[in-house]
Amino acid sequence: MIYRKTALLLVALAGLAALAGLAAGAVAGWAFFAISVTTILVWHVRHLARLERWLANPLPGKVPEGQGIWDEVLGALHRLERETARREKDLGNALAHMRRAVQALPDGVVILDSQNHIEWFNRTAEAQLQLDVRSDLGQNIANLVREPEFIEYLEAARDDAVRITRPGLALSLQLISFGQAQKMLLSRDVTQAERVDTMRRDFVANVSHELRTPLTVLVGFLETIHNLKLDPQRQRDYIGMMQEQASRMQRIIEDLLTLSALDSAPPAAADKRVALKPLLARLRADAEALSGGRHTIQTQIDADTDLLGVEGELASAFGNLVSNAIRYTPAGGTVTLAWRESEQGGRFSVEDTGIGIDAEHIPRLTERFYRVDRSRSRETGGTGLGLAIAKHALARHDATLEVESTPGKGSRFSARFPARRLAAKNLTV
Ligand SMILES: Nc1ncnc2c1ncn2[C@@H]1O[C@H](COP(=O)(O)OP(=O)(O)O)[C@@H](O)[C@H]1O
Ligand SMILES: [Mg+2]
């Protein structure tokens with residue numbers, strides 16, 4: 001195109017020059033030709049110079065304009081430049097988008113170059129590894145995460161993960177290679193997972209231990225009965241003791257099943273009404289049966305309210321507090337069941353005049369199998385799971401368990417319910 005246009009122009013000029021030569025002599029003809037070719041040359045050079053100036057500093061959207069064939073050439077360059085700019089913007093957007101996605105990850109991500117220098121990291125990594133965007137980019141990761149386990153892992157270039165601990169925090173770190181000798185360091189907070197793991201292990205150990213004791217006793221008696229000829233009275237005694245051990249195991253299993261049912265059930269809905277007055281009356285009757293007349297039992301109830309939740313769970317939580325009060329109060333003592341209400345909500349409490357609890361034990365009472373005095377708990381038929389069940393069932397009703405106690409004087413266990421779990425009786429018709 002350019003060749004043809006230029007050739008045509010030159011032919012046209014040569015024709016004009018020849019005409020001029022015929023009319024005004026050869027000199028005039030050549031002069032005309034030379035001047036017009038020079039003009040064209042100057043015109044081209046000026047465009048070239050403008051193009052060169054732009055190329056030296058190619059500001060987007062500032063591609064020089066031109067005329068004639070230069071208009072086409074520069075126009076094409078202009079379109080190309082616009083296209084590139086658009087693609088760059090798209091890429092930039094895509095990159096920003098990816099970064100936002102990586103920022104939002106709950107795991108830490110650190111991008112490292114082949115020399116382990118930090119190129120980029122997300123906010124989670126910043127928090128977990130205590131990095132600082134202002135000072136740590138470009139630094140070697142080994143200078144910032146200095147735990148020996150990690151340094152060794154970094155040098156060994158293994159592809160499993162390594163665990164490091166910091167005060168109150170356990171992290172799992174993993175290096176993943178990508179691209180050309182680049183690496184990605186992933187960090188994950190495993191504190192909670194490890195805690196749950198330990199709890200599960202302890203729990204299994206505790207359960208096994210709790211069941212093993214009565215089982216050992218049971219097996220011992222069985223062997224005795226099997227091997228020895230016992231008189232009928234002894235045999236009856238032994239069978240009685242075996243029954244005791246078997247029921248103990250049964251109680252433990254029942255409590256464990258209750259706990260696991262509470263664990264897996266959805267939170268207690270707040271749409272079922274549990275009438276307090278009859279519930280307290282039943283609890284009182286149970287207390288009297290358990291006490292067998294050895295205690296004075298009182299109830300105080302200052303409002304006729306319905307609780308919102310699951311009756312079975314509330315009854316089991318309250319029932320445990322009541323049975324504890326009876327079991328840990330010597331004969332002659334008093335146990336008081338009370339319901340009090342205020343603007344903030346309601347409080348069910350069980351107060352006794354029993355043996356009380358040393359302050360050091362109070363925070364641990366709701367742990368599974370925790371007992372202040374193992375043998376006393378066992379003798380009275382306890383499993384050590386009652387308060388764990390109670391706390392759990394209460395939590396599902398947005399209630400908290402509070403314990404106040406004076407050793408030798410008595411204890412008060414209270415379940416505090418927020419106002420939204422109460423429904424005044426007189427609102428129902
Ligand atoms: N009213 C109370 N007075 C004194 N100690 C109590 C009382 N209630 C609970 N405890 C202590 O808390 C421990 C845990 O209670 P719980 O979980 O119900 O187990 P359990 O009653 O089966 O022993 C009891 O073993 C006992 O040491
Ligand atoms: Mg109990």
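All heavy atoms count here, side chains included; hydrogens, waters and symmetry mates do not. Counting starts at 1 for both ligands and their atoms, following the listed order. Quantities reported herein were computed from a predicted structural model and do not represent experimental measurements. Residue numbers count from 1 along this sequence.
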Min over Gly384, Gly410, Gly386 of heavy-atom distance to atom 22 (O) of ligand 1 lands on Gly384

Of all the atoms in ligand 1, which lie at a distance below 4.0 Å from a heavy atom belonging to [X]?
{"X": "Phe413", "answer": "1 (N), 2 (C), 7 (C), 8 (N), 9 (C)"}
{"X": "Thr383", "answer": "22 (O)"}
{"X": "Arg371", "answer": "23 (O), 25 (O)"}
{"X": "Ser377", "answer": "20 (P), 22 (O), 23 (O), 25 (O)"}
{"X": "Asn320", "answer": "18 (O)"}
{"X": "Ser411", "answer": "3 (N)"}
{"X": "Val372", "answer": "25 (O), 27 (O)"}

Whether the side chain of [X] engages the backbone of [Y] through a donor-acceptor N/O pair (distance < 3.5 Å, no angle test) should be reported.
{"X": "Arg421", "Y": "Leu308", "value": "yes"}
{"X": "Arg376", "Y": "Asp373", "value": "no"}
{"X": "Thr329", "Y": "Ile326", "value": "no"}
{"X": "Asp132", "Y": "Asp136", "value": "no"}

Residues [X] and [Y] bridged, charged N to O under 4.0 Å:
{"X": "Glu244", "Y": "Arg248", "result": "no"}
{"X": "Glu210", "Y": "Arg374", "result": "yes"}
{"X": "Glu402", "Y": "Arg412", "result": "no"}

Given that the side chain starts at C-beta and the backbone is N, CA, C, O, which of these parts of Leu387 lies under 4.0 Å from ligand 1, counting heavy atoms, or is it both or neither?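 Near ligand 1, Leu387 shows its backbone as well as its side chain.
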
Taking heavy atoms and a distance under 4.0 Å, where does Arg327 meet ligand 1: side chain, backbone, both or neither? side chain

Considering heavy atoms of the protein only, find what lies nearest to [atom] and give residue, atom and distance to 0.1 Å.
{"atom": "atom 11 (C) of ligand 1", "answer": "Leu365 CD2, 4.0 Å"}
{"atom": "atom 13 (C) of ligand 1", "answer": "Tyr370 O, 3.8 Å"}
{"atom": "atom 18 (O) of ligand 1", "answer": "Asn324 ND2, 2.8 Å"}
{"atom": "atom 1 (N) of ligand 1", "answer": "Asp352 OD2, 2.8 Å"}
{"atom": "atom 5 (N) of ligand 1", "answer": "Ile357 CG1, 3.3 Å"}

Could Arg158 and Tyr153 be counted as a cation-pi pair, given that NZ or CZ must be under 6.0 Å from the ring centre and within 45° of the axis? no

Would you say Arg166 has more than 12 foreign heavy atoms packed within less than 6.0 Å of its CZ?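 Yes.
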
Between Tyr328 and ligand 1, does any nitrogen or oxygen pair lie at a separation below 3.5 Å? yes

Does either side chain, that of Asp352 or that of His295, offer a donor lying less than 3.5 Å from an acceptor on the other one?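 There is no such pair (donor and acceptor under 3.5 Å, judged by atom type) between the side chains of Asp352 and His295.
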
A side-chain contact here means heavy atoms from C-beta on lying under 4.5 Å apart; do His44 and Leu48 qualify? no

Short check: any N/O/S atom of Thr383 below 2.8 Å from the Mg ion (ligand 2)?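 Coordinating: no.
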
